[in-house]
**Student:** 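Next up is a structure, given as structure tokens.
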Number of protein chains: 2
Amino acid sequence: MAQQKTRIQRREALISATRKVARESGLAGTSVRAVAAEAAVSVGSVLYYFPNFDELMFATVEGVMEEFYERRRAISDAHTDPRARLAALIVAGVPDEISSDLRMAYESIPLLRQQPQYKPLHRSVVERQVMLYRSAIEIGVALGDFHPTTGIDVIARNIVALEDAYDMYPLIGFDLPAAGYRRNIASYVQTALACELPPLEALEQPAGGAAG
Amino acid sequence: MAQQKTRIQRREALISATRKVARESGLAGTSVRAVAAEAAVSVGSVLYYFPNFDELMFATVEGVMEEFYERRRAISDAHTDPRARLAALIVAGVPDEISSDLRMAYESIPLLRQQPQYKPLHRSVVERQVMLYRSAIEIGVALGDFHPTTGIDVIARNIVALEDAYDMYPLIGFDLPAAGYRRNIASYVQTALACELPPLEALEQPAGGAAG
DNA sequence: TGCGTATTTGAACGACTGTTCAAATTGTAG
DNA sequence: CTACAATTTGAACAGTCGTTCAAATACGCA
């Protein structure tokens, strides 16, 4: 039974090494040999713990995306007030620097041609994000904070779509400040929900940075 | 001088072949040999007209994206009424079937790591699309059709962002009907501009399909 | 200690990649 | 028709990739 434990640990070490390589070299630059070097093992060992390299890649992307969603959910849970929750989700959802999670998600798009098993991963994360926003909006409606001008499904999905696009822009060379994107989304939310969101500035820049 | 003409024609034939291969096999599956086979020439001929394969790929993606924008601009020009123009842009901007242009755009994201020259391409197309919407909104404001609830830059950029995200979703396995996405965007536009858009149905399904 | 299994190694394989280039072919001007 | 240049060819090269597997090593138990 002890061997089962080390086997899982070995797999996780390899996934961790794959993450690092993918973060630094991109999914396209992630090879068996690069992972083996990063994990300080031989190529044979990598393929000893995974039936093939594709499964290691998939396990890696899967883990990254699940953790991404978990982080989103934790942010949602940390705020009970629906307006604060929306603001926090938006601020964390469009970071100043593109997160490696999102970069990996976008880099995996070309893989979907030959590797359809990635599709449920992406789909699931998007859908669950929509549900996070749906919940927040529903609470706000119940409390009388929000007065949706249209279906809350539409609003929730539009918010996630805005986030997805604005997260992608830095990848394609845009160097506009993410704070502007966040305000664009907040602008939409306030219009669609006929509400006032708390100022995003308080949530941005966890360390210092207030205007003098 | 005649040789200059055929040289350009040869290059265009190779770009055309590259497009077809990329459409059918994806950017990742586009190789010198695949292009050569598609163009019915030898690998040596391909590299005779381009200093290297990267330049052929870049010229191909560049052409596809420029044509994509030109099609957008033509749609914009075809409608003088700002409300009709917005509706037409939205309908054409979120097609039922993912267009090969957009697929190629998203598939090129991973290339940006090693090939930064692609970045201005993407950036430029997005910016010009924002300007198309900006113009339409400005006209509508001047005519008294639109009453923006916030800056028109914000609205125009949000519309393009929504389109970009909703265009990407089919690539990652979503099979929700694009008509729903279009209505989501129209819903946002109507709220943000305090206006009524013409029904999208009339612009959808150029051939038949009206409800009985 | 010794046996047997689990693990690790890395060379080798075949299939691919972009690129090169001598040789063959084609086209054209004199 | 000749001669020269432009073009085309495809084998060959050096590199990468994922995968295999015999051999070597490490480990746990009697």
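Chain letters run A, B, ... following the sequence lines, proteins first, then strands; residues in each count from 1. Predicted, not measured: the structure shown is a model, and the values here were computed from it.
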**Student:** Cation over ring, A/Arg128 on A/Tyr69, under 6.0 Å and within 45°?
**Tutor:**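 The answer is yes; both the distance and angle limits are met.
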**Student:** Assess the residue pair A/Arg72 and A/Ser76 against the criterion (side-chain hydrogen bond (donor to acceptor under 3.5 Å, both in side chains)); give the C-alpha distance rounded to whole Å, side-chain angles, the decisive distance to 0.1 Å, and a yes or no.
**Tutor:** CA-CA 6 Å; A/Arg72 302 284 295 153; A/Ser76 178; over 6 Å; no
**Student:** Just jot down the side chain to side chain donor-acceptor pair (under 3.5 Å) partners of B/His79, sequence neighbours excluded, or say none.
**Tutor:** none
**Student:** Return the value, rounded to whole Å, for the distance between atom CD of A/Gln114 and atom P of D/dG18.
**Tutor:** 15 Å
**Student:** Rounded to whole Å, how long is the line connecting atom CD of A/Glu55 with atom P of D/dG18?
**Tutor:** 15 Å
**Student:** Which nucleotides of nucleotides 9-26 of chain C have their base under 4.0 Å from a protein heavy atom (B), which only their sugar-phosphate (S), and which neither (-), written as one string 5' to 3'?
**Tutor:** BBBB----SBB-------
**Student:** Return the value, rounded to whole Å, for the distance between atom CZ of B/Arg7 and atom C1' of C/dG27.
**Tutor:** 16 Å
**Student:** What verdict does the side-chain hydrogen bond (donor to acceptor under 3.5 Å, both in side chains) test give for B/Asp164 and A/Tyr169, after you've listed the backbone C-alpha separation in whole Å, the side-chain angles of each residue and the deciding distance to 0.1 Å?
**Tutor:** CA-CA 10 Å; B/Asp164 289 342; A/Tyr169 285 171; 2.5 Å; yes
**Student:** Can you tell me how far C1' of D/dT7 sits from CZ of B/Arg11, to the nearest Å?
**Tutor:**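 Answer to the nearest Å: 16 Å.
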**Student:** Answer with base, sugar-phosphate or nothing: what part of the nucleic acid does B/Tyr49 contact at a heavy-atom distance below 4.0 Å?
**Tutor:** sugar-phosphate
**Student:** How far does OG1 of A/Thr18 sit from CZ of A/Phe53, to the nearest 0.5 angstrom?
**Tutor:**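 One gets 6.0 Å once the value is rounded to the nearest 0.5 Å.
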**Student:** Taking only N and O in the side chain of A/Arg10, is any of them less than 4.0 Å away from OP1 or OP2 of C/dT8?
**Tutor:** yes
**Student:** Can the positive tip of B/Arg123 be found less than 6.0 Å from the middle of the six-membered ring of A/Phe174, inside 45° of the ring normal?
**Tutor:**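 Yes; both conditions hold, so B/Arg123 lies above the ring face of A/Phe174.
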